[in-house]
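Note sheet for the following structure.
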Amino acid sequence: MSAHPAKKVKLEDLPLCPYGNNCYRKNPAHFKEYSHSDTASSSTTTSEVKPTNNKTLPVCPFGATCYRKNLLHFAEFSHPFNLLNPDADSSDEEEEKTTESTKPKETIECGKKRKAESKEYNDEEETEEYNSDDESAYDVKLEKTFSKMNDDEKRLMIERAFELKEKLKEKLKKSREEAEERKKEVEQLQSKITEGALLMEGEEEVLKGTHVKYFELFPERSYKQGSAAEVHFRLAESQFYRLLSGYATAQVIKVEYVCNPILINKFNKAREELKEKRGVEYSYPVLAFHGTAIANIQPICETGFKIPGQKGFQHATDSGYYGRGTYFSEYPGYSMGYIKGSTKLLLCQVLQGKVYQCTQLITGAGLQDGYDSHCSPCKKELVIFRSDYILPQYIVHYKLNAGEFKYTAHGITKELIKKKLTKIRKLYKKAVTKKDQAIFTGYKFAFIGQMADTPLAIETLVQRFGGHVCKNEYGSNGKKASKKAAFAYYGFSNYDAPNVIICSVAEMEATTPSMELQAYKNMGFQIFYREDFLYDSIVEGVAKSIDDYVHD
């Protein structure tokens, strides 16, 4: 309750509002200061409208700041102003001053208050529609007040005003359409990030084809916001460390991001089917590890997982304690137990759908009716029964008992590669001029990438100095491989095994390893040498220490 109730004022004691019952003001204070009786309204509405070109019209109490829109009001009162320059001097100023001097003091004060209120109103009500920066849109200039125009001038001004309004509407519509387009672009990008589809450089082209590409990712000290490489590496790294137990000193040293367009399309299709069947909440994949022999990693990444029952599938251990499917675990330690000394794990996206939790051993059993996957009683093993529910996405390379973590340098600039190649070519030219001698007796070389000369020229040079070149051929997917690739992919043993693998600088520094290099890595080869070992040894006349030529 108010401590000081306002005194009631009789309506008939208040001065009449100039607009009577037609007043459109909404401020309660205005109604306390002025009367709006029917008499005043009647006199206002029934009064004869004066000619529009009459120069003796009374000045509106609110002058140029009046924001009324009723044309009848402008026909009754004068509003002296310059539309494009309200502060400029005009012939109406004298009239305004004269009129104000004849007004009562209350009316003048009310006019000042009204101007202040009008300014606040204009500031609050200003909209985008009138914030155009197109100066040509405001090609409406009045030298007279509206009340002093003749009918033709008024009509012309109103027509121009409507034209201006239509122009502003069109511009506003266009701005909104552009804003909607930008909004859609942001939503699409956000959707890609949410779905894990943030693209690496060159990945978009890969997704349009059928070939598999591997992107090598390394730990970076600097945080590159928006970098797809960093997002992928940190995702795989964090998944590895988050549920790692029993291997406190294990470190992720490298991650290979696998981009297989065929498997990605199959996986996305299966996910949509699962969404329709079970609902959105069951369609989200989980990231889980799978341990297998090194020789199996690349075939899995290129052709996908084989499920028990499919042609070519063989159990590596048992027939499945919790179902006859493929086993995964979110805990890397579980998967490490199946690789026997290897330091690579597959990290896959897995669709688990509706999970059947086993309470006991169901060795070799099929998928339970009404479910999409099984899990062990401890919930640490997940069993998948469909190959298209699995997408191999990362190959995580790690070290055990690696000690204190340190960032290692990787990759060199194109300019530095060019300098190294120039130096190697000079050494090669010197080497081919030397006399033949047995320098490389006992060495069995394999070459990866483009050397300083053609493969035949390099083979001839090695043979001149007592070495042997292993002629292992590689196909694009392993099917055409005659020896070593066949061994790497299918377990054949009739290939010519090298004891020194020479890899070109450009090949070693490439973002994605070639099929040849990847095949050797899958077979367990971890050390590769530079070709300048050959040329320096030939020039010096003795085999140099090969450890000095290891690729960094």
Side-chain angles (χ1 to χ4, degrees), residues 184 187-200 203-213 228 231-232 235-236 239 257-290 292 296-297 299-313 320 322-330 335 346-358 362 364-376 379-395 477:
K184 288 180 181 178
E187 288 176 350
Q188 289 174 358
L189 178 59
Q190 187 175 4
S191 175
K192 286 183 178 181
I193 295 173
T194 303
E195 295 174 1
L198 188 63
L199 299 180
M200 296 281 292
E203 185 176 356
E204 187 174 1
E205 289 73 18
V206 176
L207 290 172
K208 295 176 182 178
T210 57
H211 296 288
V212 184
K213 185 166 185 177
V231 170
H232 284 298
L235 176 61
Q239 189 69 18
Y257 169 52
V258 183
C259 182
N260 187 326
I262 296 175
L263 296 185
I264 290 172
N265 291 333
K266 288 182 179 179
F267 181 81
N268 289 337
K269 184 178 179 180
R271 184 180 177 186
E272 288 300 319
E273 292 175 357
L274 185 61
K275 184 187 296 184
E276 293 179 5
K277 178 182 176 182
R278 300 289 187 194
V280 178
E281 64 274 13
Y282 288 98
S283 67
Y284 293 109
V286 296
L287 285 171
F289 293 94
H290 179 81
T292 186
N296 297 332
I297 291 179
I300 288 174
C301 291
E302 295 187 357
T303 61
F305 279 85
K306 290 182 179 179
I307 304 298
Q310 286 184 330
K311 185 178 180 180
F313 177 86
Y322 305 108
R324 195 164 177 261
T326 304
Y327 282 67
F328 295 85
S329 178
E330 294 178 78
S335 300
L346 278 170
L347 180 58
C348 309
Q349 286 194 55
V350 178
L351 295 173
Q352 58 179 354
K354 188 176 181 180
V355 183
Y356 173 77
Q357 184 175 348
C358 299
I362 54 172
L367 176 64
Q368 296 294 307
D369 292 339
Y371 294 90
D372 304 299
S373 63
H374 294 177
C375 76
S376 61
K379 298 182 180 180
K380 291 187 176 181
E381 291 182 274
L382 185 63
V383 189
I384 304 299
F385 296 84
R386 286 180 52 171
S387 60
D388 57 351
Y389 276 21
I390 310 166
L391 177 63
Q393 191 162 30
Y394 302 104
I395 303 172
N477 57 7

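Minimum heavy-atom separation, Y389 to I384: CB-CG2, 3.8 Å. Nearest approach of A288 to V350, heavy atoms of both residues: CB-CG2, 4.2 Å. Here the shortest heavy-atom pairing between L351 and Y284 reads CD2-C, 4.5 Å. Scanning all heavy atoms of the two residues, the minimum distance from T292 to L346 falls at CG2-CD1, 4.4 Å. Minimum heavy-atom separation, P285 to F267: CB-CZ, 4.0 Å. Minimum interatomic distance between F385 and G325 (heavy atoms only, all atoms of both residues): CE2-N, 4.0 Å.
Taking the six-membered ring for Trp and thresholds of 30 and 60 degrees, Y394 and H232 have ring planes inclined between 30 and 60 degrees apart.
Proximity of a side-chain donor or acceptor of R271 to a complementary backbone N or O of S283 within less than 3.5 Å is detected. Without hydrogens or angle criteria, N265 side chain to P261 main chain gives a donor-acceptor distance under 3.5 Å. A distance-only check finds a donor-acceptor pair linking the side chain of S329 to the backbone of K380 [under 3.5 Å]. Between the side chain of S335 and the main chain of F289, a donor-acceptor pair closer than 3.5 Å is present. A side-chain donor-acceptor contact under 3.5 Å links N260 to the backbone of E302.
How far NZ of K379 is from SG of C358: 12.5 Å, rounded to the nearest 0.5 Å. To the nearest 0.5 Å, the span separating CG on L347 from CG on L235 amounts to 7.0 Å. Remark: R386 CZ to L274 CG distance equals 8.0 Å, nearest 0.5 Å.
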Verdict with reasoning, H374 to Y322, per ring-ring contact (aromatic ring centres under 6.0 Å, His included): CA-CA 7 Å; H374 294 177; Y322 305 108; 9.0 Å; no
- request: Start with the C-alpha gap between H211 and V206, add the side-chain angles, then the distance that decides, and say whether side-chain contact (heavy atoms from CB on, under 4.5 Å) holds.
  value: CA-CA 7 Å; H211 296 288; V206 176; 5.9 Å; no
message: Between E205 and K213, does the salt bridge (Lys or Arg N to Asp or Glu O under 4.0 Å) criterion hold? Intermediate values first, please.
response: CA-CA 11 Å; E205 289 73 18; K213 185 166 185 177; over 6 Å; no
field: Intermediate values then yes/no, side-chain contact (heavy atoms from CB on, under 4.5 Å), Q352 and V286
entry: CA-CA 7 Å; Q352 58 179 354; V286 296; 3.6 Å; yes
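Annotation: side chain of S373 is not in contact with side chain of V383 (no heavy-atom distance under 4.5 Å). Contact check for C259 versus L207: side-chain heavy atoms found under the 4.5 Å cut-off. The shortest distance between side-chain heavy atoms of C348 and F328 falls below 4.5 Å. Here the side chains of I307 and I390 are in contact, with some heavy-atom distance below 4.5 Å. Side-chain contact between Q349 and L287: present, with at least one pair of heavy atoms (C-beta onward) separated by less than 4.5 Å. Two residues are said to be in side-chain contact when any heavy atoms from C-beta on lie closer than 4.5 Å; D388 and K269 fail this criterion.
Side chains of Y257 and E203: a donor-acceptor N/O pair is present below 3.5 angstrom, by distance only. Side-chain polar atoms of Y327 and H290 form no donor-acceptor pair below 3.5 angstrom.
With a 6.0 Å radius and a threshold of 12 heavy atoms from other residues, nucleotides or ligands, E204 has its CD atom at or below the threshold.
Partner of D372 under the salt bridge (charged side-chain N to carboxylate O under 4.0 Å, His left out) criterion, out of R278, K275, K354: R278 alone.
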